[in-house]
A.B. asks: 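First the structure, then my questions, so here it is.
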Amino acid sequence: MRKIIKILDNKLENHILPFFWQHGEDEKTLREYMKIIDESNCHAVCIEARPHPDFCGDKWW
């Protein structure tokens with residue numbers, strides 16, 4: 001019953017943690033992607049940067 005009350009009050013924690021793939025996009029694009037994710041009621045992501053073209057290089061940091 002407590003879970004149902006939390007659901008109805010929109011007070012549950014995140015249970016979906018989508019991957020946020022990094023490919024070297026500019027800051028404006030990354031902010032837009034995060035805005036869309038947030039508007040989908042996903043308030044957390046798992047940042048995944050391995051496909052970034054400069055993975056572990058100067059531009060990656």
Side-chain angles (χ1 to χ4, degrees):
M1 185 69 172
R2 289 181 189 161
K3 277 192 175 184
I4 293 172
I5 292 170
K6 284 184 177 182
I7 291 169
L8 293 174
D9 287 341
N10 197 27
K11 294 184 178 176
L12 282 180
E13 296 179 19
N14 286 306
H15 296 284
I16 297 175
L17 199 70
F19 280 116
F20 185 50
W21 296 99
Q22 307 293 300
H23 297 95
E25 294 85 352
D26 59 41
E27 182 178 343
K28 180 181 176 186
T29 301
L30 295 175
R31 288 184 178 276
E32 182 63 26
Y33 290 167
M34 290 300 293
K35 179 179 179 244
I36 292 167
I37 291 169
D38 182 64
E39 289 171 351
S40 299
N41 288 320
C42 289
H43 303 294
V45 297
C46 179
I47 297 176
E48 179 56 71
R50 286 178 292 175
H52 191 286
D54 192 36
F55 181 63
C56 289
D58 290 338
K59 293 179 182 178
W60 183 71
W61 296 104

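When a residue number appears, it is its place in the shown sequence, counting from 1. As the structure is a computational prediction, the values presented were derived from the model and not from experiment.
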A.B. asks: How far does CZ of Phe19 sit from CD of Glu48, to the nearest 0.5 angstrom?
C.D. replies: 5.5 Å

A.B. asks: May I ask you to decide if Phe20's main-chain N or O and Gln22's side chain share a donor-acceptor pair within less than 3.5 Å?
C.D. replies: yes

A.B. asks: Does Glu39 pair with Lys35 as a salt bridge, N-O distance under 4.0 Å?
C.D. replies: yes

A.B. asks: Shortest non-hydrogen contact from Val45 to Leu17?
C.D. replies: N-CD1, 3.6 Å

A.B. asks: Do Ile37 and Ile47 sit in the same hydrophobic cluster, where Ile, Leu, Val, Met, Phe, Trp and Tyr count as joined when their side-chain heavy atoms come under 4.5 Å apart?
C.D. replies: yes

A.B. asks: So which heavy atom on Pro18 is nearest to which on Ala44, and how close?
C.D. replies: CD-O, 3.4 Å

A.B. asks: Judged by atom type as modelled, is there a donor-acceptor pair below 3.5 Å linking the side chain of Asp54 to the main-chain atoms of Asp58?
C.D. replies: yes

A.B. asks: With rounding to the nearest 0.5 angstrom, report the CD to CD distance, Glu32 to Glu27.
C.D. replies: 13.0 Å

A.B. asks: Taking side chain as C-beta onward, heavy atoms only, is Tyr33 less than 4.5 Å from Glu25?
C.D. replies: yes

